[in-house]
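The figures here come from the full heavy-atom set of this structure, side chains too, leaving out hydrogens, waters and symmetry mates. Reminder, nothing fancy here: chain letters follow the sequence lines and each chain counts from 1. Values in this document were obtained by computation on a predicted structure and should not be read as measured data.
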Protein chains: 2
Amino acid sequence: MNRASSPETVTPTGGGNGRNGRAAYDLPAVLDIAVGAFNDYGYDATSMGLLAERLGTSKSAVYYHVSGKEDLLRLALERALGGLEGILTLPGATAGPAEDRLRFVLRGAVQVLVDDLPYVTLLLRLRGNTEIERNALERRRAFDHQVSQLVDQARADGSLRADVDSGTITRLLFGMINSIVEWYKPGGTLTPAQLADDVISVAFDGLHRPA
Amino acid sequence: MNRASSPETVTPTGGGNGRNGRAAYDLPAVLDIAVGAFNDYGYDATSMGLLAERLGTSKSAVYYHVSGKEDLLRLALERALGGLEGILTLPGATAGPAEDRLRFVLRGAVQVLVDDLPYVTLLLRLRGNTEIERNALERRRAFDHQVSQLVDQARADGSLRADVDSGTITRLLFGMINSIVEWYKPGGTLTPAQLADDVISVAFDGLHRPA
DNA sequence: ATAGTTTTACTGAACGATCGGTAAGTAGTG
DNA sequence: CACTACTTACCGATCGTTCAGTAAAACTAT
């Protein structure tokens, strides 16, 4: 019914397993399956029963690996946010002209998006229904705010146009980049590096043919 | 707890009502409340009970106006899709140079997005869990495809850069525009017309200061 | 080497809560 | 008295979660 890899192909942990022929899953494997399901159906519409079905085990087996549904969400969001926040600590994001730093961060964001595609996808679709979700949204806003400050600095330097509001620019920029999770399929002809180049180029130079 | 208008402020249909002091709601009013809740919590996470609470009535009172939860979704999506599809039938979208038609459609899309903000928001967050959702997603894809053809034509005319893949351009373009539903708040200093101008300008000319 | 013990990784059944939806009755209006 | 716009009470299904039990692997002791 679905085109994802069948449960049996994922992570028999190598060594020991349960009783009969069944494979033993470890936490990262369960998390991978869970995030995939969350993205396919939405977090709320994904039941623990369906998750178990995708793993080829029972509902309660999942509870051996994680403490609950929200725990899976928390783990997944931590990974996505960690990747994004990591960009801002890199040298390329902290030193040099503002426009260069902005380009570095945007390129890094595209890289993280592609590397941890399902995890970031999950993050970008949050609604803030629970405390965990609201906490993640806050961290995401903090990241956006940091990038927004880079835009401000680049504008002050005269590198960026000043006829459009700075907040609007940041939001349109992220709108463009974040939309990648909705359509990019890794493994195609468009490589992550080329995608990053395209995004940066379209963002800075626009759609018109180069003069 | 939430900052939306309290139930009592919306649409006592004017004339006749039920029994005691309670107001009588009509279908558009129920739909408005429902779409607002769907966007706040997500469609799946929004229960009919919560909907009734927001309306200030009982769960089953909602069923007097609509045949069920999915009916509310169907009605809302019809409105959003009708608005978008309508743009493509307008003269500005069917005659003239490809770049002008593209600009017209993008501007129109921004306009519809803002005019029917909650309805389009709902559309853009669909996951395709039910037949109704899948049908709406198909219509949305058809709309995107028509715009994609405009991009192709503008490229063939030499109006748009040809060094970036046409599909990538269309997707980044929609990524930018569709992101508006995630942050635009009507009634602020940024008017819909100014927003449309900014979007078109950033998309075609990029972020660099004009030469 | 083998017996006994502990640990790992589950199974199947059941829990209370909540879900979308329904049935039957009723207060107010024309 | 018919009609509108509800009400309260409830249905079966499904939700996330828990629990007691257990087969097999891993470890320890002799």
In whole Å, what is the span from the [atom1] atom of [X] to the [atom2] atom of [N]?
{"X": "B:K59", "N": "C:dC19", "atom1": "NZ", "atom2": "P", "value": "8 Å"}
{"X": "A:Y41", "N": "D:dC15", "atom1": "OH", "atom2": "C1'", "value": "17 Å"}
{"X": "A:L55", "N": "C:dA9", "atom1": "CG", "atom2": "P", "value": "14 Å"}
{"X": "B:L27", "N": "D:dA5", "atom1": "CG", "atom2": "P", "value": "12 Å"}
{"X": "B:D44", "N": "D:dG16", "atom1": "CG", "atom2": "C1'", "value": "15 Å"}
{"X": "A:D26", "N": "C:dT8", "atom1": "CG", "atom2": "C1'", "value": "13 Å"}
{"X": "B:Y63", "N": "D:dC11", "atom1": "OH", "atom2": "P", "value": "17 Å"}
{"X": "B:K69", "N": "D:dT14", "atom1": "NZ", "atom2": "C1'", "value": "13 Å"}

task: Using heavy atoms to find the nearest nucleotide of DNA chain D for A:S60 and A:A45 separately, return the residue whose nucleotide is more 5′.
output: A:A45
CA sep, side-chain torsions, deciding dist, call: B:R127, A:R125, side chain to side chain contact (heavy atoms under 4.5 Å, CB included): CA-CA 11 Å; B:R127 301 282 1 115; A:R125 289 183 184 157; 3.2 Å; yes
Can you tell me if the side-chain N/O atoms of [X] get under 4.0 Å from OP1 or OP2 in [N]?
{"X": "A:Y64", "N": "C:dA9", "value": "yes"}
{"X": "A:H65", "N": "C:dC10", "value": "yes"}
{"X": "A:S47", "N": "D:dT14", "value": "no"}

message: Looking at B:D115 and B:R79, is there a salt bridge between them, counting it only when a charged N and a carboxylate O are closer than 4.0 Å?
response: no
query: Below 4.0 angstrom, N of the basic side chain to O of the carboxylate: do B:D71 and B:R74 qualify?
result: yes
- request: Give the minimum heavy-atom separation between B:Q146 and B:L88, together with the two atoms involved.
  value: NE2-CD1, 3.5 Å
- prompt: Looking only at heavy atoms, which two atoms of B:L172 and A:M176 are closest? And how far apart?
  reply: O-CG, 3.5 Å
- prompt: Between D:dT18, C:dT22, D:dC6, which one does the side chain of B:A61 approach most closely?
  reply: D:dC6
statement: Quick note, A:M48 side chain, CB onward, closest among D:dG16, D:dT7, C:dG20 is D:dG16
task: For B:S67, report the nucleic acid contact type (base, sugar-phosphate, nothing); a contact means any heavy atom under 4.0 Å.
output: nothing
